[in-house]
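Throughout, a chain's letter reflects where its sequence line sits, starting with A, and its residues are numbered from 1. Keep in mind it's a predicted model, so treat the numbers as computed, not measured.
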Amino acid sequence: MDGAPLPFRRLGLRLVEGIDGTLMVLMLALSMLGLLALFSASYEIPARVASQVMNLAVAVAAMWLVAQVPPQTMMRFALPAYVVGLAFLLAVALFGDVVNGARRWLHVGVTRFQPSEMMKLALPLMLAWYFHKHETTLKLRNFAVAALLLIVPLGLIARQPDLGTAALVGAAGFYVIFFAGISWKVLGTLFGLGLAALPIGWGFLHGYQRKRVLTLLDPTTDPLGAGYHIIQSTIAVGSGGLWGKGWLNGTQAHLEFIPERHTDFIFAVFSEEFGLIGNVVLLVLYFLLVGRGLYIAANAATVFARLLAGGISLMFFTYAFVNMGMVSGILPVVGVPLPFLSYGGTALLTLFIGAGILMSIHRYRKLVQT
Amino acid sequence: MRGREIRNSEQELHQFQLRVGIAGAVVLAAFALLAARFLWLQVLQHDVYQAKAEDNRISIVPVTPNRGLIVDRNGVVIARNYSGYTLEIFPRRVKNIERTIDAVSEFVDVTPRDRVRFRKLLQETRNAESLPIKNRLSDEEVAKFAANRYRFEGVEIKARLFRQYPLGDVGSHVLGYLGRINTQDQQKLEDDGVGPNYRGTDYIGKAGIEATYESELHGATGFEQVEIDAAGRGIRTLSRTPSQPGNNVTLTLDMRLQQVAEIGFGDRRGALVALDPNTGGVLALVSKPGFDPNMFVDGIDPQYWAELQGSLDKPLNNRAISGLYPPGSTIKPYLALAALETGKRRTSSSIFDPGYFDFGGRRFRDDKKGGHGVVDMYKSIVESCDTYYYHLANDLGIDAIARFLGPFGFGSRSGIDLAGEFAGVLPSPEWKIKRFKQPAQQKWFPGETISIGIGQGYHSYTPLQLAQATAMLATGGTMYKPRLLDHIDNPRSGDRRQVPSEVLHTIALRRDNVDFIKRSMAGVSKEGTAARAFAGVTYTVGGKTGTAQVIAIKQNEKYEEAKVAERHRDHSLFVAFAPVESPRIALAIIVENGGFGARAAAPLARTVLDYFMLGKLPAGMDQPTPEDEGAADEESESD
């Protein structure tokens, strides 16, 4: 490096400026494992791996951009992003496209996108900003307002219906409220009320959603549909054993027993080929990633930064936990991708932008707020 | 103060860090839970899953349910199933498909058509496990192939149920047809969340009742757990959950009436809709020419498909709900009623008809040279006097006309249980503004109102709308939602779901006004334009003839000059209800290019009403119909 001409060294320094090495290494390691699994899962469509590499490149670029933005600037985007996201969700409810039985997509010009995806970041951003603004005078009333800010988009997403995303967005919002210091008493009460309301919530579920929950309890009741997914993915995971069958040697995935094996069920492919050892490596990587995020949160400069970093870190955790839990048969089948491993550009973009925010927060941790 | 604030925020930070610690612990616990689950699956239960995976030999085979029957109001079976054998190729298990087909054709007669169809199926359905190369094998073919089965990996004989329409092309547009599930259908099934229920099902309702009530007719797929050998062949069944047959659908249709009407049309093009005015039930719904839905059952022959698609007569269009026609003079009774209700005319007031009406420097001519002389309202309907309605339309004005006709269903979809219904056009100044872009074209000219008075101009309605309006007149102002479904039976439980009649809306009309219009329409068949068609009739019938000008020439008709000339002729229309005192049937008929309403449509209405009112069959229909015999033949063939 010393031999390189000065301008290039400068450029190099400029490029890595603001990039958190720990996060970056962890995310790239996960992404590489993802590409391995994806290659195995879609050996008949090699172009998919190339396309995922492109997605990665775009996501990393977006992360870099976001990492350059100081948290103070981000705060200014909180309210607009939330309002726009809410408007999009309303637009979807009114005239969105129906794909897979749910109204989730919105046409914008030539492309279409899922506004609910945007809410995954916009909501924690908004809540963190809100708590930051009322930092010195935080009362129960503020938590009620925050809950309202959470429930409105959540309801809109849930009635699309997209329970998976609703759960993720709801969790992200909840984490911020939790970190903001809602009292344990209130939390306990809400939890109790929630339990009591479960039977009512059951009534609001769509037929196929109820079926998925019932199927989890006994997969054999629906061997042609959702139960089939669970039965087959459990077989794939279980047959992987301690060491796995080896890369590209999985049989369950290759025999097409696994549905959606390149997206939501890619963990089944990974798990079959890399075994318990591979799974533990994966868990450790995720744990380190979440831990790094929480460390950043604990050292952040402002309330806004703290809450946002905490929320994003736990969002990473939720993604990973829900997906692996679903594939290994302890959580119902909901459409949640495995972070950094599942094929798909949108989820990757959300994750890397989230990481970019974490990096920015860490970079500006010492700036004293005036 | 300041000190306290700092301490406060320090305390806050401390509290936050405590919560971060808690969160970290929760994350750790959750991951530990996952790790425990992995340990359980991958180490402790590994042998179990290893065994399951090694011979993922327990194949789950769907058991396809029997599709429900479709019967008419008298129990006449319109759609049923019969079992037959097909020879199926599993594309994924076969290395060279062409060579396999060549080899198979040693034992089974594979025609070039079968090959074309197979290739088409292969393109259309990507994910199918197996596709039929030959349908309806003969016993000999089955025996021959079975003896040589060991030579063909990935080719198997399957027993399957075929859909059959015993009455052939009668009511084809109502029934619709089944077709193979293609990629689009598959996507839609997934979207609706019923994908799993269609594993093992190859066919789906594509049009008509078969499509509308697909979810009722299909039934619930069962499944068998089958142990398979290395080659994927079943060895024994481990467990079985039977399928549940689809529900049987009973229509309001009277197939005999339908048949009478279709025979009445002969080779002419057109449509007929007959409704029960008191329920909205459809008694007959004809669109001619039709097609034979049996041809679609095995995956349609590309040649027949091309014929249907390419025909100038558009046999696949359901003219009864998607054909749009000007109503011609059949609109006159409604305008007369509008004039009575709004007080613009009294029944007794008369005009003198010189044979024309001058308006805005233009001369609107009456059909009858020299005019009808002195004309009152009764005579205006009975003799279908144009001049009377030129005056009337001008006096009413377009806004009042549109306001009055709208509630009769003109220009709006009725909501019948068939896909592809058109709304048509109820002309009004508002409609014109919406329809045209340029301000110059958007303006409503008073002269346009005049043609509206005799059912020409921008009017365009479906035959169903004409029938529905007639039914509404017959009931004196109640509109029922037209429907084909009468009830649905669950063949297992015996449960029956009767579809209730649904009143869409009612119009408050004065009884004496309605009675007068009905009396006038009765006059049409007694002493008016339809008197010859209804000569010697023993029941009472109210009717109105109509003639609609054919304006546009369609594309690609230039080569057949003789035919184009025929297609230029006026459409012949007739609407009717009977008996006049308490109507049990209301109908609308259009015979394309049939000339005057009195000439083609009215005699057809007579035939249909004679059967409905008196049970009188037209000549050539007292024996079992040729279609019935054909169906019997087919059945014996498949045995």
Side-chain angles (χ1 to χ4, degrees), chain A residues 98-102 135-136 138 175 178-181 206-208 211 222-228 231-232 234-242 244 251-252 255 257 271-272 275-276 279-280 283-284 286-287 290-291 294-295 297-298 303 306-307 310 313-314 317 320-321 324-325 328-330, chain B residues 5 8-9 12-13 15-24 26-28 30-54 56 58 60-62 92 127 187-200 221-223 225 239 241:
Chain A
V98 178
V99 172
N100 283 333
E135 180 188 0
T136 48
L138 221 46
Y175 296 145
F178 168 74
F179 283 131
H206 283 247
Y208 79 93
K211 208 162 159 191
D222 182 25
L224 295 177
Y228 180 81
I231 293 171
Q232 296 301 340
T234 323
I235 292 179
V237 173
S239 67
L242 184 60
T251 58
Q252 299 309 292
L255 288 176
F257 285 117
S271 200
E272 185 186 6
L276 181 63
N279 288 357
V280 169
L283 282 179
V284 168
Y286 281 127
F287 184 72
V290 176
L294 289 177
Y295 172 80
V303 169
R306 254 181 240 160
L307 299 185
S313 309
L314 288 193
F317 154 71
F321 178 70
M324 291 190 279
S328 59
I330 55 173
Chain B
E5 236 173 56
N8 237 352
S9 77
E12 251 171 39
L13 183 66
Q15 201 201 0
F16 174 74
Q17 285 171 342
L18 178 72
R19 290 200 175 202
V20 166
I22 293 170
V26 169
V27 170
L28 196 60
F31 279 178
L33 175 70
L34 280 181
R37 174 70 175 170
F38 299 152
L39 189 71
W40 168 255
L41 289 178
Q42 297 187 301
V43 177
L44 300 176
Q45 292 283 303
H46 174 62
D47 293 346
V48 177
Y49 287 107
Q50 181 62 29
K52 273 192 188 172
E54 214 160 71
N56 210 322
I58 298 171
I60 293 167
V61 181
R92 257 174 282 185
N127 297 325
Q187 184 60 48
K188 194 178 170 302
L189 291 171
E190 300 295 337
D191 289 354
D192 295 345
V194 293
N197 198 29
Y198 277 78
R199 286 189 60 197
T221 299
F223 52 88
Q225 284 193 312
S239 76
T241 306

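- A perpendicular orientation is assigned to the rings of B/F31 and A/F287, their planes being inclined by more than 60° (bins at 30° and 60°).
- No part of A/Y295 comes within reach of chain B, as not one of its non-hydrogen atoms sits under 4.5 angstrom from that chain.
- With a 4.5 Å cut-off on non-hydrogen atoms, B/V20 touches chain A through its backbone and its side chain both.
- Atom OG1 of A/T234 sits about 6.0 Å away from atom CZ of B/R37, to the nearest 0.5 Å.
- Using a 4.5 Å cut-off between heavy atoms, A/L283 touches chain B through backbone and side chain atoms alike.
- Looking at every heavy atom in both residues, B/L34 comes nearest to A/S328 through CD2-OG, 4.4 Å.
- Between A/F178 and B/R19, the shortest heavy-atom distance links the atoms O-NH1, 2.7 Å.
- With a 4.5 angstrom heavy-atom cutoff, A/V237 touches chain B via backbone and side-chain atoms both.
- Considering only residues two or more places apart in sequence or on other chains, B/L33 meets the side-chain contact (heavy atoms from CB on, under 4.5 Å) condition with A/F321, A/I330.
- Considering every non-hydrogen atom in both A/L307 and B/F16, the closest pair reads CD2-CE1, 4.1 Å.
- For chain B, no part of A/Y175 is nearby; none of its heavy atoms comes within less than 4.5 Å.
- When heavy atoms are compared at a cutoff of 4.5 Å, B/Q17 approaches chain A solely by way of its side chain, counted from C-beta outward.
- Chain A forms more heavy-atom pairs under 4.5 Å with one residue of B/L28, B/V26, B/L39 than with any other, namely B/L28.
- The side-chain contact (heavy atoms from CB on, under 4.5 Å) search around B/Y198 returns B/I181, B/L189, B/V194, B/T201, B/I204, B/E214, B/H218, not counting sequence neighbours.
- A pairwise comparison of heavy atoms in A/S271 and B/Q42 identifies OG-NE2, 3.1 Å as the closest pair.
- Contact record, B/A23 with A/L314: CB-CD1, 3.9 Å, taken as the closest heavy-atom pair.
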